[in-house]
Amino acid sequence: MSASAYNITINDLQAPNAPGWHANGKGQGGEDQETEPGTAPGQDWDLEAFTLNGKKLTIYSGYNLLAGNKPYGLGDLFIDTNGDAHWQPGADNHINGKTDNSVFLYDYVVHFTKRSGFSIGDGSYTVYQIDNSKSVVLTETVFKSGSNPWILDTDKSSKDHIKAISSGQLGVTVNNTATLTIDGGTQVTGGTHYMGDLDVSFLPTGDLANGKTIFHITMQCGNDSLVGRVADGGATLTLLGAAMTTLAFLVRRQGKK
Ligand SMILES: [Ca+2]
Ligand SMILES: [Ca+2]
Ligand SMILES: [Ca+2]
Ligand SMILES: [Ca+2]
């Protein structure tokens, strides 16, 4: 566990516009051993945590990331980098249809390209930069509107408003330790854990430390919504700035002797 690795999971339930959603899990963000209100509970539907280590994002999950859980597959990973995304429950009150990115304002999507039934195959993906327009069509979840959106629809009107910028593969490993200590000293519990690693170096330099970057993922049913937010790197930069100002002052004083 590196000192630069952080559990970035935040509570997806403490949203002012989402009455009835409440934190009932444990661990950071209240996400471990938690699924959304009124959905099937259990480790095999539990998205547990996001961690960030440098440019490596890891998704911890009791839900089988690659194979899915019959009959519902993993969604795309939605990313906001400018702090305006409507990631909280309530942005879209519909299910089982189409919505669009003028509702959510995400900036990037990691879109899995080898879907077959409820599997995402080997986890291959294309990363798209997406417009905020109505033309960017997204697919809703089947059961929980608060977990929207599920995936990017690359057909329909989307194709002129999305730009492929990168590609890769979600590297998934399995850990059967029931209580697993992860980054930041936090733990995920409940049984088997699937850990999906993703290289997010496609994001512009600086975005990961701007205090605004949000990651969101769910599965087709919307049983669990997992949200992560990268901590503000501004405090570190301010300290560095103060240190350099002091250094410049000392250098000037030395020059006056
Ligand atoms: Ca959960
Ligand atoms: Ca769990
Ligand atoms: Ca945005
Ligand atoms: Ca959740």
Side-chain angles (χ1 to χ4, degrees), residues 7-14 21-51 58-65 69 72 74-75 77-89 91 100-110 127-134 136 138 141 143-144 146-147 149 152 161-163 174-182 186-196 203-204 207-208 210-219 221-230:
N7 186 334
I8 60 165
T9 316
I10 60 169
N11 195 335
D12 59 311
L13 307 176
Q14 296 286 346
W21 287 55
H22 53 88
N24 56 0
K26 53 191 181 185
Q28 182 158 349
E31 269 299 332
D32 181 35
Q33 301 304 90
E34 169 272 355
T35 61
E36 305 320 337
T39 65
Q43 178 70 355
D44 58 353
W45 292 110
D46 185 19
L47 300 173
E48 300 176 306
F50 277 123
T51 63
T58 302
I59 307 164
Y60 291 82
S61 174
Y63 170 83
N64 191 324
L65 295 171
N69 191 0
Y72 302 116
L74 185 69
L77 177 72
F78 288 83
I79 304 172
D80 180 50
T81 56
N82 66 346
D84 65 358
H86 298 150
W87 56 270
Q88 296 181 342
D100 68 76
N101 199 42
S102 72
V103 174
F104 293 95
L105 310 180
Y106 285 110
D107 304 308
Y108 300 87
V109 182
V110 174
V127 181
Y128 292 98
Q129 191 167 7
I130 63 175
D131 286 359
N132 282 345
S133 72
K134 267 186 164 327
V136 176
L138 310 176
T141 67
F143 289 123
K144 288 300 284 189
S147 297
L152 169 69
H161 299 268
I162 61 177
K163 184 170 85 174
V174 183
N175 188 304
N176 288 311
T177 309
T179 298
L180 181 66
T181 299
I182 63 171
T186 50
Q187 294 180 328
V188 289
T189 65
T192 297
H193 306 280
Y194 299 87
M195 298 168 294
L203 292 174
D207 277 5
L208 279 176
N210 68 3
K212 295 173 179 173
T213 299
I214 287 272
F215 298 101
H216 169 270
I217 198 164
T218 187
M219 58 282 274
C221 45
N223 265 33
D224 201 0
S225 169
L226 183 69
V227 181
R229 178 161 47 207
V230 183

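Counting starts at 1 for both ligands and their atoms, in listed order.
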What distance do Leu77 atom CG and Tyr108 atom OH have between them, rounded to the nearest 0.5 Å? 13.0 Å
Leaving waters out, which protein N, O or S atoms fall under 3.0 Å from the Ca ion (ligand 3)?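 Listed by chain and number: Asp80 OD1, Asn82 OD1, Asp84 OD1, Leu105 O, Asp107 OD1, Asp107 OD2.
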Tell me whether His193 contacts the main-chain N or O of Ala178 through its side chain, where contact means a donor paired with an acceptor under 3.5 Å.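 At least one qualifying donor-acceptor pair exists.
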Closer than 3.5 angstrom, by distance alone: can the side chain of Thr218 be matched with the main-chain N or O of Asp224 as a donor-acceptor pair? yes
Pick one: which of Asp80, Ile79, Ile8, Thr81 meets side-chain contact (heavy atoms from CB on, under 4.5 Å) with Ile214?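 Result: among Asp80, Ile79, Ile8, Thr81, Asp80 is the only option passing the side-chain contact (heavy atoms from CB on, under 4.5 Å) with Ile214.
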Once rounded to 10°, what is the value of the angle centred on the Ca ion (ligand 2) between Gln43 OE1 and Thr189 O? 80°
Pair Thr189, Asp32: side-chain N/O donor-acceptor within cut-off below 3.5 Å: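 Checked: Thr189/Asp32 side chains pair up, N/O donor to acceptor below 3.5 Å.
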For the residue pair Ser102 and Asn132, confirm or rule out a side-chain donor-acceptor distance under 3.5 Å. no
Which label fits Phe78 and Tyr106: parallel for a plane angle under 30°, tilted from 30 to 60°, or perpendicular past 60°? tilted
Asn69: partners by side-chain contact (heavy atoms from CB on, under 4.5 Å), with sequence neighbours left out: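 Once residues adjacent in sequence are excluded, the partners of Asn69 under the side-chain contact (heavy atoms from CB on, under 4.5 Å) criterion are Asp44, Trp45, Tyr63.
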Partner residues of Asp131 under the side-chain contact (heavy atoms from CB on, under 4.5 Å) criterion, sequence neighbours left out: Ser133, Val136, His161
Taking 3.0 Å as the limit, list every protein N, O or S atom around the Ca ion (ligand 1), by chain and residue number. Glu31 O, Glu31 OE1, Glu34 O, Glu34 OE1, Asp46 OD1, Leu47 O, Asp224 OD2
Nearest heavy-atom pair of Asn7 and Gln28: which atoms, and what distance?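 Answer, listing the atom of Asn7 first, then Gln28: O-NE2, 3.0 Å.
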